[in-house]
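In what follows, a structure is listed as structure tokens, so that the remarks can point back to it.
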Number of protein chains: 2
Amino acid sequence: MTRRAAYHHGDLATAALDAALDLVAEDPSASFSLRTLAERLGVAHRALYNHFADREALLAALAARGFARLADTLATVPDPAGFLAAYVRFALDQPGLYAVMTGRQYDQINATPPLRAAVDRVIAVALDTLATRGADDDTRRREVMRVWMLAHGAIGLQRAGMLRMRSAEEFAIEVLHIARLAPPEETK
Amino acid sequence: MTRRAAYHHGDLATAALDAALDLVAEDPSASFSLRTLAERLGVAHRALYNHFADREALLAALAARGFARLADTLATVPDPAGFLAAYVRFALDQPGLYAVMTGRQYDQINATPPLRAAVDRVIAVALDTLATRGADDDTRRREVMRVWMLAHGAIGLQRAGMLRMRSAEEFAIEVLHIARLAPPEETK
DNA sequence: TGGATTATATATCCACTGGATACATTGAGT
DNA sequence: ACTCAATGTATCCAGTGGATATATAATCCA
């Protein structure tokens, strides 16, 4: 790719998402403009529209990538406490990305197949790690939702400064305890 | 004091918040512009800057009003289940306002005394209604946070389409159950 | 009272944004 | 070798938050 300055970028779509990830990390409000994104890529801002219908579509693609990463991370953790700690760490370490991920609307999620798939993969991993084996599907789903509600809510309150979470690990234990999924020897 | 209704063009500050409330109700993403707000008030957009430092300050004032309303609503409900149901209903009935309220950052909340006060009032009401009487302050605060985390998280997941909440009332029972604040004979 | 002061509203400008249209360049597929 | 669809550029547009300077109305004080 060190050929002479190519008119065609090569893979602008993924390069754009890489750069967008950086921008969101720099400014968690995700208020970056398509123009600064394009400038960082050394490209006319209008080039982005060849790969994304509009700004929202780009953010949806970014969210999909975020969920995919999150699923990858969570899949490496076998136990519920580690899972939860990893989830919370992911959200607090990359607040902008997490906001983009959780800020999409239901309609947009379903209208963007890769996003839908990435979300489903996170749910699948969560079911696998958190839910009681052998229980019926509805129960398992409820267990996951319980934990997810707590984690997602805590992250929001933490970000708003309403909550003082000590550490992700300690928080994880407490959440599992509240959700009654904590191992019995841990209660003392 | 109440003589304030016949200025040059009226009490623009509160009229602006009234109109902003309408606009946010019409478009929950709260992406309304100061210009359309001003136009609806029959005023130059620049007039708003005499009452609010910038757009963010206006949103902060709107958030303060939202928390004040929420506190009023919650204060009328004596029991935890009713409290929670009312909270969830408020958030889901006025998603745009709720987003504005919970979207502010910690720094901004503390830098805006009326907002800080309104939030504190909601916390006070919550402590009064939800927390165990006689328990020490830390425990009481933890109890409230547990419920708040669940409620706030559930609202977020519901809005994102990840959760299918049946009704506010049923949800309230379940949350209290999870948070172990439910009356002992409670069953699903 | 009436003139000055102060709060409020307007007029106009700015850099910047997302997006549209029209055109230029390129490389893949026949 | 030559299309031609995919990709990138140039330019334009209406709309945005915000700044500066100016006008007008309300209040205070001689």
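So that the names make sense, note that chain A is the first sequence line, chain B the second, and so on, each numbered from 1. Basis for what follows: all heavy atoms, side chains included, without hydrogens, waters or symmetry-related copies.
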Q.
Would you say A:Asp27 and A:Ser31 are linked by a side-chain donor-acceptor pair, where the criterion is simply a distance under 3.5 Å?
A. yes
Q: Estimate the overall bend of the helix from C:dT1-D:dA30 to C:dT30-D:dA1 from the end axes over five pairs each, rounded to 10 degrees.
A: 0°
Q.
So if I take residues 24-33 of chain B and measure heavy-atom distances to DNA chain C, which residues fall below 4.0 Å?
A. none
Q. Quick one: is B:Tyr49 getting a side-chain N or O under 4.0 Å of the D:dA19 phosphate, OP1 or OP2?
A. no
Protein-nucleotides 12-15 of chain C N/O pairs closer than 3.5 Å?
none

Q. Is the distance between the ring centroids of B:His177 and B:Phe171 under 6.0 Å?
A. no
(Q) Output the rounded distance in Å from CG (B:Leu48) to P (C:dA7). (A) 19 Å
Q.
Just to verify, what does B:Ala151 make a side-chain contact (heavy atoms from CB on, under 4.5 Å) with, not counting sequence neighbours?
A. B:Leu84, B:Tyr87
(Q) If you go through the side-chain atoms of B:Asp54, does one of them form a donor-acceptor pair with the base of D:dG17 closer than 3.5 Å? (A) no
Q. Would you say a side-chain N or O of A:His51 is under 4.0 Å from OP1 or OP2 of D:dG8?
A. yes
Q | Separation of C:dG19 P from A:Phe52 CZ (nearest whole Å) | A | 13 Å
Q.
Going by the rule salt bridge (charged side-chain N to carboxylate O under 4.0 Å, His left out), which residues pair with A:Arg166 if we only count those two or more places apart in sequence or in a different chain?
A. A:Glu170
Q | Any residue meeting side-chain contact (heavy atoms from CB on, under 4.5 Å) with A:Ala15, in chain and number order, not counting sequence neighbours | A | A:His9, A:Leu41
Q: Can you tell me the distance, in whole Å, between the CD atom of A:Glu56 and the C1' atom of C:dG19?
A: 14 Å
